[in-house]
Amino acid sequence: MRMAIIGCGGIANVHARDLVNLINKGEDVEVSFLVDVREDNALRLKKKWGFDKAEVVRDYRSIIGKVDAAIICTPHTLHYPQALDLIKNNVHVLLEKPMVCKLEHAVDLIEAAEESKVVLEVAYQRHFIPCFIAAREFVRKGGLGRVRLISLLLAQNWYEFCKGTWRLTQKLGGGGELMDSGSHIIDIALWVTGLKPFEVYAAFDKYDSEVDINTGLVAKMDNGAILNFTVAGDDPSGWMEIELFWGDRGRLSIMPPKVLFIGRDRREAQLDTLNITPSRPVYNFIDVILGRDYNRSPGIGALYVVALSEAAYEAANRGRPISIKELCEIKGVDYSKFFGP
């Protein structure tokens, strides 16, 4: 399988490491191209991971017709045109988060992948971590009963970390920490519960930046549950995340590597994660292409994350809650196809 990595900055190293692990295990994968507008980034990645046969190029369009699959790690607003061009030319695509920045672009990618019959996967790594898998299985099998309330917290020193980079620009970042790191946390809430956003309101603090640093978000889900999400993008500790779920039968707390359930009888139980084998997005991506597994992080799930995020930005701009149906009308997206009647 001929593979390309498009965008050879920080996160590309994680995917490169995983590809090396697969190659060392005998997987028939070759990294044929490293693509970056900055040649030094690509050359550095090539040397670090021993991709001796990889050709370094600046323009992703030059690899079309020469690869079977690609991993896209470029700035957020570049994801859509790059992925669309590749998918339309029958290239399987693994996209870094967020999949795209706009709802209509998410729809385009999903429909193009369906038409071209290629794999479109989003690199949400929590889908392959045992505690999150256990939480999802528990909730989806009814262990929590009807989900009533979801509370999410993300605290990160994102503002300091991103100073002077493309992430603090609207042109390339497409949004701030809500869209960037926050995408992972929103995804977990939706992926664990299977719920879809119905209506969203949010307020942002941008500091001196073009994009959001702190966020206060409240959403109503399609079953009537309430979701609240606090993003503290200027936290001194580096990283903290909390995902709490309340249902008719109790409370579920994801506390990596543990998942705890407290029932109405006030008894606490730790969910079993020992029998769940951890994996990685790249491993699943290759397996899906070869027909050995199903897509565990498909584009449709990422579409709901994009919808909630973009609705939050739209709500803040308008100073009022905005429903996903209204957002779809604004964007020319068929609401009934993706969000129900």
Side-chain angles (χ1 to χ4, degrees), residues 6-12 35-38 60 70-87 93-110 112 120-124 154 156 158-159 161-187 190 197 200-217 219 229 231 233-234 297 299-318 322 324 327-328 330-333 338:
I6 302 174
C8 298
I11 196 63
V35 185
D36 202 297
V37 294
R38 289 183 53 181
Y60 75 93
I71 303 171
I72 296 179
C73 307
T74 52
H76 307 152
T77 59
L78 303 181
H79 289 184
Y80 171 64
Q82 292 171 347
L84 189 63
D85 283 348
L86 293 168
I87 288 169
V93 171
L94 176 64
L95 261 174
E96 258 302 326
K97 58 76 199 162
M99 179 170 72
V100 289
C101 302
K102 297 182 180 297
L103 179 58
E104 66 270 29
H105 291 171
V107 171
D108 285 351
L109 291 190
I110 290 168
L120 170 62
E121 185 163 352
V122 183
Y124 283 128
L154 169 61
Q156 185 184 9
W158 190 84
Y159 176 62
F161 177 76
C162 296
K163 277 186 176 179
T165 73
W166 58 265
R167 293 179 190 273
L168 287 181
T169 70
Q170 192 66 45
K171 181 179 179 181
L172 291 176
E177 188 171 13
L178 177 70
M179 181 172 287
D180 190 18
S181 300
S183 174
H184 284 295
I185 312 304
I186 294 172
D187 168 71
L190 305 185
V200 184
Y201 180 69
F204 299 102
D205 184 353
K206 296 182 178 181
Y207 287 27
D208 56 353
S209 167
E210 295 178 17
V211 298
D212 50 284
I213 308 300
N214 297 330
T215 300
L217 181 155
F229 187 18
V231 180
D234 189 21
S297 187
I300 187 64
L303 178 146
Y304 298 128
V305 178
V306 173
L308 195 153
S309 302
E310 194 174 14
Y313 290 126
E314 192 71 30
N317 289 337
R318 293 172 181 254
I322 184 167
I324 300 301
L327 180 67
C328 287
I330 294 169
K331 297 290 182 174
V333 170
F338 297 99

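One is the number of the first residue; the rest follow in order along the sequence. For clarity, every value in this text was computed on a predicted model and none was experimentally measured. The figures that follow rest on heavy atoms only: side chains count, while hydrogens, waters and symmetry mates do not.
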Looking only at heavy atoms, the pair that brings Trp158 and Arg167 closest together is CH2-O, 3.7 Å

Results of ring-ring contact (aromatic ring centres under 6.0 Å, His included) for Phe161 - residues two or more places apart only: none

For Ala307 and Ile324, the nearest pair of non-hydrogen atoms, with its separation, is O-CD1, 3.8 Å

When rounded to the nearest 0.5 Å, the distance separating CG of Asp205 from CD1 of Ile213 is 8.0 Å

Going by atom type alone, with no hydrogens or angles, which donor-acceptor pairs under 3.5 Å involve a side-chain atom of residues 95-109 and a protein atom two or more places apart or on another chain?
residue, atom, partner, partner atom, Å
Glu96, OE2, His15, NE2, 2.7
Lys97, NZ, Asp180, OD1, 2.4
Asp108, OD2, Tyr80, OH, 2.6

Point-to-point distance, once rounded to the nearest 0.5 Å, from CD1 of Ile6 to CG of Leu86: 4.5 Å

On a heavy-atom basis, which atom in Leu178 and which in Ala312 lie closest, and how many Å separate them? CD2-CB, 3.9 Å

So, for Gly175 and Asp212, which heavy atoms are closest and what is the spacing to 0.1 Å? C-OD1, 3.8 Å

Among all residues two or more places apart in sequence or in another chain, which pass the side chain to side chain donor-acceptor pair (under 3.5 Å) test with Thr74? Gln82

Just verifying a value: how many Å separate Leu154 CG and Phe229 CZ, rounded to the nearest 0.5 Å? 5.0 Å

Counterpart residues, ring-ring contact (aromatic ring centres under 6.0 Å, His included), relative to Phe338 (two or more places apart): none

Could I get the full list of side chain to side chain donor-acceptor pair (under 3.5 Å) partners for Ser181, not counting sequence neighbours? Gln156

Okay, side chain of Ser297, backbone of Val122: is any donor-acceptor separation there less than 3.5 Å? yes

Under the side chain to side chain contact (heavy atoms under 4.5 Å, CB included) criterion, do Val200 and Leu327 qualify, and how do the steps go? CA-CA 10 Å; Val200 184; Leu327 180 67; over 6 Å; no

ring-ring contact (aromatic ring centres under 6.0 Å, His included) filter on Tyr60, not counting sequence neighbours, yields none

Beyond-backbone contact of Trp166 with Lys171, side-chain heavy atoms, under 4.5 angstrom: no

Any residue meeting side chain to side chain donor-acceptor pair (under 3.5 Å) with Tyr159, in chain and number order, not counting sequence neighbours: Asp208

Partner set under side chain to side chain donor-acceptor pair (under 3.5 Å) for Glu310, not counting sequence neighbours: Lys331

Apply ring-ring contact (aromatic ring centres under 6.0 Å, His included) to Tyr313 and list each qualifying residue two or more places apart in sequence or on a separate chain. Phe204

Atom SG of Cys73 and atom CG of Leu94: how far apart are they, to the nearest 0.5 Å? 7.5 Å

State, yes or no, whether a side-chain contact exists between Leu168 and Val211 at a heavy-atom distance under 4.5 Å. yes

What residues, two or more places apart in sequence or in another chain, satisfy side chain to side chain contact (heavy atoms under 4.5 Å, CB included) together with Tyr201? Ala315, Pro321

Taken in chain and number order and not counting sequence neighbours, the residues that satisfy salt bridge (charged side-chain N to carboxylate O under 4.0 Å, His left out) with Lys206 are none

